[in-house]
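Keep in mind that what you see is a predicted model, and the values were worked out from it rather than measured.
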Amino acid sequence: MAIDIELTEDEIMDALRFIHRVRENKKQYEVVDRKFDKNNSSYSVNLMGQLGEMACGKGLGLSVDRTISPSGDNGHDLSTPLGKNIQVKTSTLDKLIFNAPELFVSDYAVLVQFFGDKQLPHVDSKFTIVGWTTRELFLANHYKHDYGYGIRLVMDANQLLPMEDLVNELSRLQSSSVQGSWN
């Protein structure tokens with residue numbers, strides 16, 4: 001079952017401030033974006049991704065990585081209590097998409113589907129945490145598709161594992177983490 005998430009005005013403002021700092025850092029270090037959406041700005045793409053990460057973190061009860069680096073983040077958007085890492089992929093499509101296999105660097109990937117104006121992702125947008133997969137399952141079950149800017153690795157939403165499985169796994173990890181601290 002997918003999880004619908006609504007972000008508060010404060011959360012959206014927090015995302016806007018964070019993306020402003022990220023963009024300023026890129027400008028300071030003269031970083032050139034590898035922009036893939038010819039119909040959208042890098043700022044809006046970055047903001048939509050950040051909002052998706054925040055929605056996923058909110059839905060799973062995990063903190064979002066807020067590291068700012070000229071080279072971008074290390075791909076690990078969320079971390080579980082026992083150190084498993086999650087990559088959040090935010091898309092307007094009901095498909096989990098990676099540009100290359102080596103870019104799936106975390107233990108898990110979660111698809112967050114975005115509904116709204118992708119040029120103004122902070123205005124009246126909705127986010128649905130659709131499903132998740134492991135790196136191994138994704139690499140074994142993806143197919144390739146060209147959306148007009150090169151071949152991408154794709155897994156349809158109906159192939160993803162249900163979110164309640166990940167929520168249950170995280171609850172189990174948190175319980176064992178708390179029990180471990182009592183022993």
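- At least one donor-acceptor pair closer than 3.5 Å links the side chain of Gln113 to the backbone N or O of Thr92.
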Trace of the side chain to side chain contact (heavy atoms under 4.5 Å, CB included) decision for Leu60 with Val167: CA-CA 7 Å; Leu60 296 177; Val167 169; 3.8 Å; yes

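- Taking the six-membered ring for Trp and thresholds of 30 and 60 degrees, Trp132 and Tyr108 have ring planes more than 60 degrees apart, a perpendicular arrangement.
- Note that the NZ atom of Lys118 and the OG atom of Ser44 stand 10.0 Å from one another [nearest 0.5 Å].
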Trace of the side chain to side chain contact (heavy atoms under 4.5 Å, CB included) decision for Phe127 with Phe115: CA-CA 6 Å; Phe127 297 88; Phe115 300 93; over 6 Å; no

From CA spacing to verdict: side chain to side chain contact (heavy atoms under 4.5 Å, CB included), Thr90, Val88: CA-CA 6 Å; Thr90 305; Val88 178; 4.1 Å; yes

Chi angles and distances behind the side chain to side chain contact (heavy atoms under 4.5 Å, CB included) call for Val154, Leu96: CA-CA 6 Å; Val154 181; Leu96 180 66; over 6 Å; no

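- Of all heavy-atom pairs spanning Leu93 and Leu111, the tightest one is O-CD1, 4.3 Å.
- Ring geometry for Tyr143 versus His145: interplanar angle over 60°, hence perpendicular rather than tilted (30 to 60°).
- Between the side chains of Thr8 and Asp10, not a single donor N or O lies within less than 3.5 Å of an accepting N or O.
- Residue Leu137 comes nearest to Leu161 through the heavy atom pair CD1-CD1, 3.8 Å, listed as atom of the first residue, atom of the second, then distance.
- Remark: Arg66 qualifies as a cation-pi partner of Phe18 under the 6.0 Å distance and 45° angle criteria applied to the six-membered ring.
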